[in-house]
2 protein chains.
Amino acid sequence: MDKKTEQKKVFLEIVQQLRQLIKMEKIQAGEKLPSERVLSERLGVGRSSVREALRSLELLGLIETRHGGGTFLASTHKHQLVEILSMFILEDEKSKKDVELTRQIHEMEAIRVISCTEILRTLPVWDSFFVKLEIEGTINCRDILRELLITTGNRLSLKIWFQLAAYDGDRLNRNSTEDEKLMIQTMLKSMQLGYEKEALKAYEQWMSTVQSI
Amino acid sequence: MDKKTEQKKVFLEIVQQLRQLIKMEKIQAGEKLPSERVLSERLGVGRSSVREALRSLELLGLIETRHGGGTFLASTHKHQLVEILSMFILEDEKSKKDVELTRQIHEMEAIRVISCTEILRTLPVWDSFFVKLEIEGTINCRDILRELLITTGNRLSLKIWFQLAAYDGDRLNRNSTEDEKLMIQTMLKSMQLGYEKEALKAYEQWMSTVQSI
DNA sequence: TCAAAAAAGTGGTCTGACCACTTTTTAACG
DNA sequence: CGTTAAAAAGTGGTCAGACCACTTTTTTGA
């Protein structure tokens with residue numbers, strides 16, 4: 001069995017061997033990998049094959065290469081999984097409505113999670129938004145939403161949100177209007193008090209306003 | 001600006017150009033791409049550079065290569081991506097948890113949307129699940145969840161879900177146990193009746209069961 | 001007409017070369 | 001001796017050519 005799997009894809013074996021090497025040598029994030037020429041010799045393959053494997057891992061953000069410097073194991077937060085996938089998924093999916101809806105799915109979930117979690121909904125950062133709204137009278141819409149996502153602690157959801165939010169462009173990355181002020185305040189206040197439903201309602205009102213901009 | 005972004009990563013530009021080429025030539029899934037030598041000439045770069053880009057896309061499962069045959073645009077996303085990423089990324093427990101949570105975010109949203117939409121929650125497909133459960137006593141977990149996502153009509157959410165569901169692998173793609181039967185039935189029934197809250201509650205119970213498998 | 005053989009096309013791999021850049025070593029100077 | 005500048009070595013980036021194995025297409029010949 002597994003004839004097809006094993007006889008083919010030599011460069012995939014190199015990827016496997018690279019991983020094994022990383023484990024064996026206990027290479028930590030940020031540390032240097034052996035040079036391409038050394039890897040080529042140690043693995044008994046040509047340098048170009050090594051490079052094909054390395055470039056694949058680089059596209060995924062699993063390693064970083066510095067011209068003339070070397071190849072380094074990337075830290076987990078730099079993995080470009082979502083970025084790469086979004087490059088292909090979002091590009092095909094022309095429906096802007098879906099992008100917006102999906103973005104809002106993540107935002108609403110964040111509101112739910114924060115509203116239901118004592119520690120999260122009582123964070124001082126929410127008060128800082130209030131202060132900013134009072135003093136300056138306005139606030140960056142994207143900043144609030146991003147803070148929501150960050151607070152939940154779900155880094156994957158945050159990464160997806162970043163990609164989706166990038167498509168909305170300037171419509172999201174702007175200062176709130178006077179009309180939005182009350183909705184945002186209501187949303188934040190409800191969230192702080194743990195009123196999930198009210199927070200979501202205010203959010204939806206806010207978003208329907210944003211939509212018409 | 002963007003000095004660092006542009007001066008580096010020449011092979012990443014090739015990846016971009018390949019995408020562009022696929023779009024321009026309107027190459028459909030399963031269809032053939034130009035040969036490496038032709039691409040090399042058309043893009044004005046060496047064949048090895050083209051290969052590095054192609055191998056990256058292959059690792060992502062976006063293209064398929066047949067020795068002596070050619071390079072083809074992949075019909076569906078293959079498991080390569082899952083395997084590679086699980087090797088490097090999903091070793092971290094936090095990441096696994098995030099993947100599961102994010103997947104559930106999309107599933108719960110689907111349940112909400114369907115429960116609140118007359119046309120969706122009264123679809124005959126839900127009854128078919130009931131029948132299947134009655135007759136065979138079991139049902140594929142993944143099938144139900146996929147149907148939920150498909151029904152909502154948000155194709156982007158569906159695509160993201162597909163990717164996330166792939167990580168859970170066999171834990172999701174299996175037949176339901178006897179214990180799960182009641183929860184699934186409750187979830188579906190509540191959904192059909194428009195009882196959003198009850199449906200979600202049953203779903204969460206179900207998922208907590210799945211988690212222990 | 002059709003099957004076998006030849007040719008062309010294609011991916012897979014390796015080697016060597018050269019460039020640009022970084023790091024290390026060496027040499028020169030004060 | 002210490003500092004600094006130059007040289008060397010190390011490293012990734014790219015290209016060209018070669019050869020192999022395999023597939024597809026074309027040609028050949030019975």
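Scope of the values below: all heavy atoms of this structure, side chains included, with no hydrogens, waters or symmetry mates. A note on names: the letters A, B, ... follow the listed sequences, proteins ahead of strands, and every chain is numbered from 1.
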Peer 1: If the threshold is 4.0 Å, N to carboxylate O, is there a salt bridge linking A:Glu147 and A:Lys132?
Peer 2: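 Salt bridge: no.
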Peer 1: To the nearest Å, how far apart are A:Arg47 CZ and D:dA18 C1'?
Peer 2: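 Those two atoms, CZ and C1', are 18 Å apart.
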Peer 1: Any chance CD of B:Glu41 has more than 12 other-residue heavy atoms, nucleotides or ligands included, within less than 6.0 Å?
Peer 2: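 Open: at most 12 neighbouring heavy atoms sit under 6.0 Å from CD of B:Glu41.
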Peer 1: Regarding A:Thr138 and A:Ser176, do their side chains bring together a donor and an acceptor under 3.5 Å, going by distance alone?
Peer 2: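 Judged by distance alone, the side chains do pair up.
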Peer 1: Using whole Å, report how far CD1 of B:Ile14 lies from C1' of D:dT14.
Peer 2: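 Rounded to whole Å, this separation is 9 Å.
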Peer 1: How long is the straight-line distance from CG of B:Asn175 back to CD1 of B:Ile139, given to the nearest 0.5 Å?
Peer 2: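 Between B:Ile139 CD1 and B:Asn175 CG, I get 8.5 Å after rounding to 0.5 Å.
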Peer 1: Salt-bridge test for A:Glu100 and A:Lys96: reply yes if a basic N is under 4.0 Å from a carboxylate O, no otherwise.
Peer 2: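 No, no charged N to carboxylate O under 4.0 Å.
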Peer 1: To the side chain of B:Arg37, which of D:dT11, D:dA21, C:dT10 is closest?
Peer 2: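 Selected nucleotide: C:dT10.
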Peer 1: For the side chain of A:Thr71, starting at C-beta, report the closest nucleotide among D:dC15, D:dG12, D:dA21.
Peer 2: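 Per side-chain heavy atoms of A:Thr71, the pick is D:dG12.
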Peer 1: Any idea how A:Tyr203 and A:Trp206 line up, ring-wise: parallel (<30°), tilted (30 to 60°), or perpendicular (>60°)?
Peer 2: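 Ring orientation of A:Tyr203 relative to A:Trp206: perpendicular.
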Peer 1: What's the closest nucleotide to the A:Glu36 side chain, out of C:dG12, D:dG12, C:dC14?
Peer 2: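 Side chain of A:Glu36 sits closest to D:dG12.
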Peer 1: Between C1' on C:dG11 and NE2 on B:His67, what's the gap in Å once rounded to a whole number?
Peer 2: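 Value for this atom pair: 5 Å.
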Peer 1: Could you give the CD1-to-P distance, from A:Ile63 to D:dT11, as a whole number of Å?
Peer 2: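 Going from CD1 in A:Ile63 over to P in D:dT11 covers 15 Å.
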Peer 1: Tell me the interatomic distance from B:Glu64, atom CD, to C:dG12, atom C1', rounded to whole angstroms.
Peer 2: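 Distance check: B:Glu64 CD to C:dG12 C1' gives 17 Å.
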Peer 1: Could you tell me how far apart B:Leu33 (CG) and C:dG11 (C1') are, to the nearest whole angstrom?
Peer 2: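 Taking CG of B:Leu33 and C1' of C:dG11, I get 13 Å after rounding.
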Peer 1: For B:Thr65 and C:dG12, is the shortest distance between a side-chain N/O and OP1 or OP2 below 4.0 Å?
Peer 2: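 The answer is yes; a side-chain N or O of B:Thr65 sits under 4.0 Å from OP1 or OP2.
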Peer 1: How close or far is atom C1' of D:dG13 from atom CD of B:Glu13, stated in whole angstroms?
Peer 2: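 My rounded result for the distance is 13 Å.
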Peer 1: Would one find more than 12 heavy atoms of other residues, nucleotides or ligands at under 6.0 Å from atom CD of A:Glu31?
Peer 2: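 Check passes, neighbour count above 12.
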Peer 1: Looking at A:Ile150, is its backbone amide N or carbonyl O close enough to the side chain of A:Trp161 to form a donor-acceptor pair, meaning the two atoms are under 3.5 Å apart?
Peer 2: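 No.
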Peer 1: Under 4.0 angstrom, heavy atoms only, what part of the nucleic acid is B:Ser35 near: base, sugar-phosphate, or nothing?
Peer 2: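 Touches sugar-phosphate only.
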Peer 1: Please list residues of residues 49-56 of chain B whose heavy atoms come under 4.0 Å from any atom in DNA chain C, ordered by number; otherwise none.
Peer 2: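 Result for residues 49-56 of chain B: B:Arg51, B:Arg55, sorted by number.
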Peer 1: Salt bridge check, B:Arg55 against B:Glu52: does any charged N sit closer than 4.0 Å to a carboxylate O?
Peer 2: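 Salt bridge absent between B:Glu52 and B:Arg55.
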Peer 1: Of all of residues 39-46 of chain A, which get a heavy atom below 4.0 angstrom from DNA chain D, listed by number?
Peer 2: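 The answer is none.
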